[in-house]
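All chains are named by letter (A, B, ...) in the order of the sequence lines, taking the proteins before the strands, and each is independently numbered beginning at 1.
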Protein chains: 2
Amino acid sequence: MQYSVGVEYALHCLVYLIDVPSKESVGIKDLAEFQGLSETFLSKVFGKLSKAGIVSSVSGVKGGYRLSKSPEDISFWDVIEAVEGPKPIFQCKNIKDNGYLYRENCCSAPSSCTINLVMLSAEEKMRDYLRSKSLSWLNEELDRVLPKQIREDTQKYFSKSNI
Amino acid sequence: MQYSVGVEYALHCLVYLIDVPSKESVGIKDLAEFQGLSETFLSKVFGKLSKAGIVSSVSGVKGGYRLSKSPEDISFWDVIEAVEGPKPIFQCKNIKDNGYLYRENCCSAPSSCTINLVMLSAEEKMRDYLRSKSLSWLNEELDRVLPKQIREDTQKYFSKSNI
DNA sequence: ATATTATAGACAATATTAATCGGCGATTAA
DNA sequence: TTAATCGCCGATTAATATTGTCTATAATAT
């Protein structure tokens with residue numbers, strides 16, 4: 001049980017979009033090449049991000065993607081939900097309602113599954129944390145953690161195409 | 001991205017083992033039949049629970065499974081980890097280290113991925129909650145939530161084979 | 001002994017994930 | 001206005017994971 005790599009791709013790519021001037025954009029090709037990822041697959045991921053309103057696209061020559069709102073307002077959870085969809089982690093097929101006893105007297109009111117409620121609450125704890133971390137927070141963290149040189153070179157890489 | 005149904009099967013089945021006297025056991029066949037589940041698949045799930053020390057098995061005629069420790073000491077997370085394995089739900093392939101800049105000058109120290117650290121912390125929030133809910137808590141909750149009649153009938157169902 | 005049960009592993013069907021391919025329309029630059 | 005570049009979308013494939021089944025084996029109560 002794991003999130004798809006799409007989530008990982010998305011988060012890493014979005015980092016590179018944070019400091020891109022709002023008039024510019026970065027193409028899928030650049031993002032894929034820079035990180036050694038599949039271009040076509042990455043474009044699918046960005047389709048989802050676009051649909052979720054996290055990025056906006058610029059089509060045509062010199063087109064690409066840019067953030068469609070402030071990095072302050074984009075949380076880890078926003079990104080994950082955009083890529084993975086809203087489905088809960090725990091699947092509840094209401095097993096108890098298929099149970100022998102219920103099959104016999106089928107008129108009992110279908111109560112909500114206690115086990116599922118626990119799982120939903122647990123997942124909510126995780127989401128709350130992910131909602132509390134934004135892209136701008138991540139950007140600052142990376143400034144703190146990564147060598148200055150690398151950060152600058154990276155920014156340069158993605159702006160060079162739009163000199 | 002979802003936990004396998006095995007997790008759901010396990011949790012629901014374990015509920016039925018809570019009140020089983022420590023000298024008795026419940027067979028896979030009964031558990032599967034009662035809930036309308038695949039018997040062979042359920043036996044795989046119980047293999048994992050057994051390996052994880054959550055249940056212990058009694059083989060041979062009139063054999064089956066019973067809890068191998070107090071329901072107080074079995075948490076939701078214990079069960080999930082037993083069935084799903086210990087792998088984190090976010091896959092980190094250290095994309096950043098495959099990046100263009102790193103490919104060029106490969107001698108930079110491989111730092112840990114900040115994105116991954118966030119994901120691990122988030123997951124930990126979920127686990128903490130799941131660790132705080134035990135089978136005995138669940139049992140009390142079910143007593144509170146489900147009709148008394150259903151609970152009694154259920155207990156009767158699983159004890160009848162060992163009169 | 002025999003029937004019943006867990007255990008283990010090989011196998012198979014299905015679903016999901018990851019990725020590719022090809023065609024479309026939009027945009028820009030020449 | 002034409003050619004090249006790009007995002008967009010749908011179909012297709014390949015690889016992997018999930019959800020089972022089937023068989024053989026070992027343990028055990030009757």
Side-chain angles (χ1 to χ4, degrees), chain A residues 1-10 13 17 23-33 35-52 54-66 68 80 83-85 87 89-91 93 95 158 161-163, chain B residues 1-10 13 17 23-33 35-68 80 83-85 87 89-91 93 95 158 161-163:
Chain A
M1 201 280 298
Q2 284 197 313
Y3 285 132
S4 87
V5 282
V7 172
E8 191 180 2
Y9 290 4
C13 287
L17 298 188
K23 300 278 175 176
E24 297 179 12
S25 65
V26 177
I28 291 288
K29 200 173 172 184
D30 289 332
L31 289 166
E33 225 161 53
Q35 300 172 97
L37 306 178
S38 152
E39 193 181 323
T40 49
F41 184 70
L42 190 58
S43 76
K44 298 253 164 195
V45 174
F46 267 81
K48 292 178 183 176
L49 293 175
S50 180
K51 202 167 276 180
I54 291 173
V55 298
S56 47
S57 65
V58 179
S59 57
V61 172
K62 294 272 174 190
Y65 288 95
R66 66 168 72 104
S68 69
I80 294 168
V83 176
E84 285 282 323
K87 211 166 36 171
I89 286 181
F90 181 74
Q91 36 183 318
K93 305 207 165 122
I95 287 183
F158 286 111
S161 48
N162 301 50
I163 290 174
Chain B
M1 200 278 297
Q2 285 198 313
Y3 285 133
S4 88
V5 282
V7 172
E8 193 180 358
Y9 290 5
C13 287
L17 298 188
K23 301 278 177 174
E24 298 180 12
S25 63
V26 177
I28 290 289
K29 199 174 173 184
D30 290 332
L31 288 166
E33 225 162 54
Q35 299 172 97
L37 306 178
S38 151
E39 193 181 324
T40 48
F41 184 69
L42 189 58
S43 75
K44 296 223 163 196
V45 174
F46 267 82
K48 292 177 183 178
L49 293 175
S50 180
K51 205 167 274 181
I54 291 172
V55 299
S56 48
S57 66
V58 180
S59 58
V61 173
K62 293 272 173 190
Y65 290 94
R66 66 169 71 105
L67 297 187
S68 67
I80 294 168
V83 176
E84 284 283 323
K87 208 166 37 170
I89 62 186
F90 181 74
Q91 33 183 322
K93 304 207 165 124
I95 286 183
F158 287 111
S161 48
N162 301 48
I163 292 173

Contact under 4.0 Å: Gln2(A) side-chain N or O vs dT18(D) OP1/OP2: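 For dT18(D), OP1/OP2 do not have a side-chain N/O of Gln2(A) under 4.0 Å.
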Any Tyr9(A) side-chain N or O less than 4.0 Å from OP1/OP2 of dA19(C):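 For dA19(C), OP1/OP2 do have a side-chain N/O of Tyr9(A) under 4.0 Å.
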5'-most by nearest nucleotide on DNA chain C - Gly27(B) or Gly6(A):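 Its nucleotide being nearer the 5' end, the pick is Gly27(B).
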Sugar-phosphate, base or nothing in reach of Gln91(B), heavy atoms under 4.0 Å: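 Sugar-phosphate contact only - Gln91(B) comes under 4.0 Å of backbone atoms but never of a base.
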5'-most by nearest nucleotide on DNA chain D - Ser38(B) or Gly47(A):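 On the 5' side of the pair lies Gly47(A).
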Enumerate all atom pairs, one protein N or O and one N or O from nucleotides 9-16 of chain C, separated by less than 3.5 Å.
from    : atom 1 : to       : atom 2 : distance (Å)
dA10(C) : N6     : Lys44(B) : NZ     : 3.1

Atom-pair distance (CZ on Phe41(A); P on dT17(C)), nearest Å: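 So the CZ-P distance, Phe41(A) to dT17(C), works out to 10 Å.
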d(CD, Glu84(B); C1', dA17(D)) in whole Å: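 Computing the Glu84(B):CD to dA17(D):C1' distance gives 11 Å.
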Between the protein and nucleotides 22-28 of chain C, which nitrogen or oxygen pairs are less than 3.5 angstrom apart?
from    : atom 1 : to       : atom 2 : distance (Å)
dT27(C) : O2     : Val61(A) : N      : 3.4

Sub-6.0 Å ring centroid separation between Phe41(B) and Tyr9(B):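 Yes, they do, as the ring centres are separated by less than 6.0 Å.
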For the student: nearest non-hydrogen atoms of Gly6(B) and Val83(B), plus distance: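 Distance-wise, the nearest heavy atoms are C-CG1, 3.8 Å.
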Check: Glu8(B) main-chain N/O paired with Gln91(A) side-chain donor or acceptor under 3.5 Å: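 Side chain of Gln91(A) to backbone of Glu8(B), a donor-acceptor pair under 3.5 Å: no, none is there.
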